[in-house]
There are 2 protein chains.
Amino acid sequence: MQFHQTVNHLLSRVATAHRSRIEKRLAAIGIHSGQLAILFELWKTDGRRQVDLASELRLAPPTINKTLTGMIDLGLVTRERLEDDARSTRIFLTDAGEQMRQVIEAEWLEIEEEMLTALTETERLILFDLLTKLKHFYFGTEPEE
Amino acid sequence: MQFHQTVNHLLSRVATAHRSRIEKRLAAIGIHSGQLAILFELWKTDGRRQVDLASELRLAPPTINKTLTGMIDLGLVTRERLEDDARSTRIFLTDAGEQMRQVIEAEWLEIEEEMLTALTETERLILFDLLTKLKHFYFGTEPEE
DNA sequence: CTTTGATTATTAGCTGGCTAATAATATATA
DNA sequence: TATATATTATTAGCCAGCTAATAATCAAAG
């Protein structure tokens, strides 16, 4: 059987190697990949509800809850109960979380650069296009982002 | 910043959705994605040493150790100490592990088919090529497989 | 006003990865 | 031979995901 010849297998292997490399680079800054996505989301709009962050990032509630708890421990964000709805919480960036922005954005661009040294500019565009198609396939057609 | 426009971000998102879908399909059979890769490896050559499986699959020793322990509990493989080197162990398929082959291979092909409905045949080939390049980038040039 | 149902967060526990640290064995070297 | 080094497996513990189950609150229906 051609297990190793399937796109599925290739994607799986590349994906874990990919995440591993990202984690290694982010470790120098002191954060993890799961926290990174949340930070980018909060830099876009601060004070989101936890459940909204979860659906935006397509993460299960327990996943984002755990990650946020870690970020609170690191002093990157705070969690505040809503006054008008005691079920919800809002997540706010701390000064520390705000100030990491420049460093992390720069690092992220470097990571992107580094990865793309394996591809030509044309290949990069094609890959972006194909991954976008797969994303829509997995997530369904989504308007924003 | 164009965080969402980076290939890195896209790949991360697609990868987690991808694995999630694979796990869901494999759950019907009763195995997990990590076990799948090992099974394919053992179907190719049975009785490998644990450390060789690890390097073949590019997994850290503790990772494959944990996964194999789970597979032993499921009755898919056995672990036997080597006679001439008490440090090493060899992993052997059980009858149950052997007999899952047909079902799993069929399922794997279905998963591949399903994923590729999002792409044309040409796109599939291109994606395979690009992922192969990334794999070599992450893993270094490797001859076999 | 009370009960039912939906929403939000949280806890517990699972797999897939990882690193660091141990323990046991082999091997090479003084 | 005795000591130092390398190899292999294993344990503990971490993060990224997940599902299932609870608890609390809000909203809606009776």
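Every chain is numbered from 1, with letters handed out A, B, ... down the list of sequences. Everything numeric here is computed off the predicted structure, so don't read it as measured data.
Hydrophobic cluster membership differs between A:L57 and A:V51, with clusters built from Ile, Leu, Val, Met, Phe, Trp and Tyr side chains linked at under 4.5 angstrom.
Taking atom CZ on B:R87 and atom P on C:dT22, their separation rounds to 20 Å, with Å as the unit. Rounded to whole angstrom, the span from the CZ atom of A:R21 across to the P atom of C:dT19 amounts to 14 Å. For the pair B:D84 CG and D:dT8 P, the interatomic distance rounds to 12 Å; values are reported in whole Å. Summarising the geometry, the separation between CG on A:L59 and P on C:dA9 is reported as 13 Å, rounded to the nearest angstrom. Between A:L11 atom CG and C:dG16 atom C1' there is a gap of 15 Å when expressed in whole angstrom units. With rounding to whole Å, A:R19 atom CZ is found 13 Å from C:dT19 atom P. The interatomic distance linking B:K66 (NZ) with D:dA12 (C1') rounds to 10 Å, in whole Å. In this structure, B:L68 places its CG atom 13 Å from P of C:dT15, rounding to the nearest Å.
Taking the six-membered ring for Trp and thresholds of 30 and 60 degrees, A:F3 and A:H9 have ring planes inclined between 30 and 60 degrees apart.
Minimum atom distance to the side chain of A:H32 is reached by D:dA16, of the listed D:dT10, C:dG16, D:dA16. Nearest nucleotide to the side chain of A:D85, out of D:dT25, C:dA24, C:dA9: D:dT25. For B:K24, whose side chain is taken as the heavy atoms from C-beta onward, the closest listed nucleotide among D:dA9, D:dA16, D:dT19 is D:dT19.
Here B:N65 does not reach the OP1 or OP2 of D:dA9: none of its side-chain N or O atoms lies under 4.0 Å away. Note on B:T63: every side-chain N or O is 4.0 Å or more away from OP1 and OP2 of C:dG16. Contact between the side-chain N/O atoms of A:T89 and the OP1/OP2 oxygens of C:dA9 is found at a separation under 4.0 Å. Within the structure, a side-chain polar atom (N or O) of B:R79 is placed less than 4.0 Å from OP1 or OP2 of D:dT10. Regarding contacts with the backbone of C:dT10, a side-chain N or O of A:Q50 is found under 4.0 angstrom from either OP1 or OP2.
Sequence order on DNA chain D of the closest nucleotides to A:L36 and A:P62 puts A:L36 first from the 5' end. Each of A:S20 and B:G70 was assigned the nucleotide of DNA chain C with the nearest heavy atom; the assignment lying further toward the 5' end belongs to B:G70. Along DNA chain D, the nucleotide closest to A:A86 and the one closest to A:T67 are compared, and the more 5′ of them pairs with A:T67.
The residue A:R81 sits close only to the backbone: its heavy atoms come under 4.0 Å of sugar-phosphate atoms, none of a base. Here B:A60 lies in heavy-atom contact (under 4.0 Å) with a base.
Surrounding CD of B:E114 are more than 12 heavy atoms belonging to other residues, nucleotides or ligands, all under 6.0 Å away. Other residues, nucleotides and ligands place no more than 12 heavy atoms under 6.0 Å from the CZ atom of A:R90. No more than 12 heavy atoms of other residues, nucleotides or ligands shown are found within 6.0 angstrom of CG on A:D95.
For the pair B:E107 (side chain) and B:L26 (backbone), a donor-acceptor distance under 3.5 Å is absent.
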